[in-house]
Amino acid sequence: MAVKATICCTPEDHLTIEVLRWFGANTTHDQLLLDILPLAREDVTRRAIGRNKAALKSDGDLVWFCDVDYVFKDGCLDRLWELWLESDKPVLLHPRKVFIQPTHAEGDVMIADALNRPGELLDCDTSGFKTKRYHAAIGGVQIVDGDVARKIGYLEGTKWQRPTDRPFFTAEDVAFRSQCQSHARKTGRRYKEAIDLPNLFRLRHTQRAYKDGI
């Protein structure tokens, strides 16, 4: 299964650009494509803007609107693809559960350790992670039919496409779910489905890039 990872970031974020360049130069996999989507800083902080651009230009069968603190381990995306092929193709999917660190402090320690080891591709120890259940498709786990993503975008033509200086303003999640539900009604498709995916993890953390002036 081929995977394209589209990363929305601003050229001002030199650390992120450096990591992406390192990753592109030091990793090769014929089923993984790294796609950098450069945006102005005020566009990055309005999450819906980058997601909309990524959705409209996507060529994938599925589009997963994800956050950078999620970790996909063995079999996660393969199982997603299997479930998609077996389904009746609802508009929106989301995992029923993820594994998460018990505290934000543990995530901060893991991130700090990674920052102290530049030039390495690191795995993370997930042995202490706990189960967290998701009852809705929150912002980091919204998975959409690729044809739908290309047709409706991510809140295309709405107030959520206005740039903002407010750091990482993410209140558009509910609006996007409503957009998907409206599309389902208009097309006669099923709106959503919760699915079980293995080895899906999320890092908890208190650090934010904007606090460092990025």
Side-chain angles (χ1 to χ4, degrees), residues 1 3-29 31-39 41 44-45 47 50-51 54 63-80 94-143 166-171 173 194-214:
M1 180 185 65
V3 174
K4 177 191 288 185
T6 299
I7 314 297
C8 298
C9 60
T10 172
E12 297 176 42
D13 185 350
H14 302 295
L15 293 177
T16 295
I17 296 297
E18 183 179 335
V19 168
L20 294 174
R21 286 175 176 168
W22 181 92
F23 190 88
N26 290 276
T27 60
T28 57
H29 195 298
Q31 294 297 300
L32 175 62
L33 175 64
L34 184 64
D35 177 35
I36 300 176
L37 180 57
L39 300 170
R41 178 175 175 169
V44 171
T45 51
R47 185 168 63 179
R51 290 188 170 195
V63 175
W64 186 323
F65 297 109
C66 189
D67 296 331
V68 296
D69 49 10
Y70 283 82
V71 178
F72 306 93
K73 290 208 168 190
D74 290 349
C76 179
L77 296 180
D78 295 296
R79 182 56 180 157
L80 169 61
H94 75 86
R96 189 175 279 111
K97 64 182 180 182
V98 301
F99 297 99
I100 193 169
Q101 289 151 320
T103 68
H104 289 82
E106 292 180 48
D108 286 344
V109 169
M110 185 175 290
I111 292 171
D113 178 63
L115 290 174
N116 289 326
R117 299 166 63 185
E120 296 182 53
L121 185 60
L122 304 176
D123 197 357
C124 57
D125 180 6
T126 57
S127 58
F129 283 47
K130 306 297 183 182
T131 302
K132 179 177 179 61
R133 299 196 174 275
Y134 285 164
H135 301 289
I138 67 169
V141 292
Q142 295 174 332
I143 309 168
R166 184 174 177 179
F168 297 97
F169 188 60
T170 58
D173 292 8
I195 56 177
D196 291 308
L197 298 177
N199 293 325
L200 175 61
F201 301 88
R202 183 182 178 187
L203 305 179
R204 302 183 78 180
H205 56 94
T206 60
Q207 298 182 31
R208 298 291 189 274
Y210 63 83
K211 290 183 179 180
D212 297 324
I214 295 175

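- Side-chain contact between Lys97 and Tyr134 is absent, with no heavy atoms from C-beta onward closer than 4.5 Å.
- For the atom pair NZ (Lys73) and CG (Leu197), the distance works out to 16.0 Å, reported to the nearest 0.5 Å.
- Panel note: side chain Asp125, backbone Ser127; a donor-acceptor pair is recorded below 3.5 Å.
- Under the 4.5 Å side-chain criterion, counting only non-hydrogen atoms from C-beta, Leu37 is not in contact with Ile7.
- One distance of note links OG1 of Thr206 with CG of Asp108; it measures 3.5 Å at 0.5 Å rounding.
- Judged purely by atom type and a 3.5 angstrom limit, Arg96 uses its side chain to pair as donor or acceptor with the backbone of Ala194.
- A donor-acceptor pair under 3.5 Å links the side-chain atoms of Thr103 to the main chain of Glu106, judged by distance alone.
- In this structure, Asp196 does not pair ionically with Arg79, as no charged nitrogen and carboxylate oxygen lie closer than 4.0 Å.
- Within a 6.0 Å radius of NZ in Lys4, more than 12 heavy atoms belonging to other residues, nucleotides or ligands are found.
- Remark: the backbone N or O of Ala112 is paired with a side-chain donor or acceptor of Asn116 at under 3.5 angstrom.
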Please report the C-alpha distance between Tyr70 and Leu200 in whole Å, then the side-chain angles of each, then the deciding distance to 0.1 Å, and finally whether the side chain to side chain contact (heavy atoms under 4.5 Å, CB included) criterion is met. CA-CA 7 Å; Tyr70 283 82; Leu200 175 61; 4.1 Å; yes

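- When side chains are defined from C-beta on, Thr6 does not count as touching Phe65, because their heavy atoms never get closer than 4.5 Å.
- Of all non-hydrogen atoms in Pro95 and Val141, the two that sit nearest each other are CD-CB, 3.5 Å.
- Summarising the geometry of Cys9 relative to Val44, their closest heavy-atom pair is C-CG2, 3.8 Å, with the distance given to 0.1 Å.
- In this structure, the side chains of Ile143 and Val63 stay at 4.5 Å or more apart for every pair of heavy atoms.
- Partner of Val3 under the side-chain contact (heavy atoms from CB on, under 4.5 Å) criterion, chosen from Leu33, Leu32, Leu34: Leu32.
- Without hydrogens or angle criteria, Asn199 side chain to Cys76 main chain gives no donor-acceptor distance under 3.5 Å.
- Listed for the Trp64 side chain is a donor-acceptor partner under 3.5 Å among the backbone atoms of Gly140.
- The two residues Cys66 and Phe72 have their closest heavy-atom pair at SG-CZ, 3.7 Å.
- In plain terms, the two heavy atoms of Gly139 and Asp173 that are nearest each other are N-OD2, 2.7 Å.
- In plain terms, the two heavy atoms of Leu39 and Gly50 that are nearest each other are CD1-CA, 3.6 Å.
- Residues Phe99 and Thr126 form no side-chain contact, since every pair of their non-hydrogen atoms from C-beta on lies 4.5 Å or further apart.
- In summary, Arg51 and Asp67 engage in a salt bridge, as defined by a charged side-chain N under 4.0 Å from a carboxylate O.
- Leu203 contributes atom CG, which lies 9.0 Å from atom CD1 of Ile100 (distance to the nearest 0.5 angstrom).
- Paired with Gln101 under the rule side-chain contact (heavy atoms from CB on, under 4.5 Å), one option of His205, Arg202, Lys130, Met110 passes, and it is Met110.
- In this structure a side-chain-to-backbone donor-acceptor pair under 3.5 Å is present from Gln142 to Ala137.
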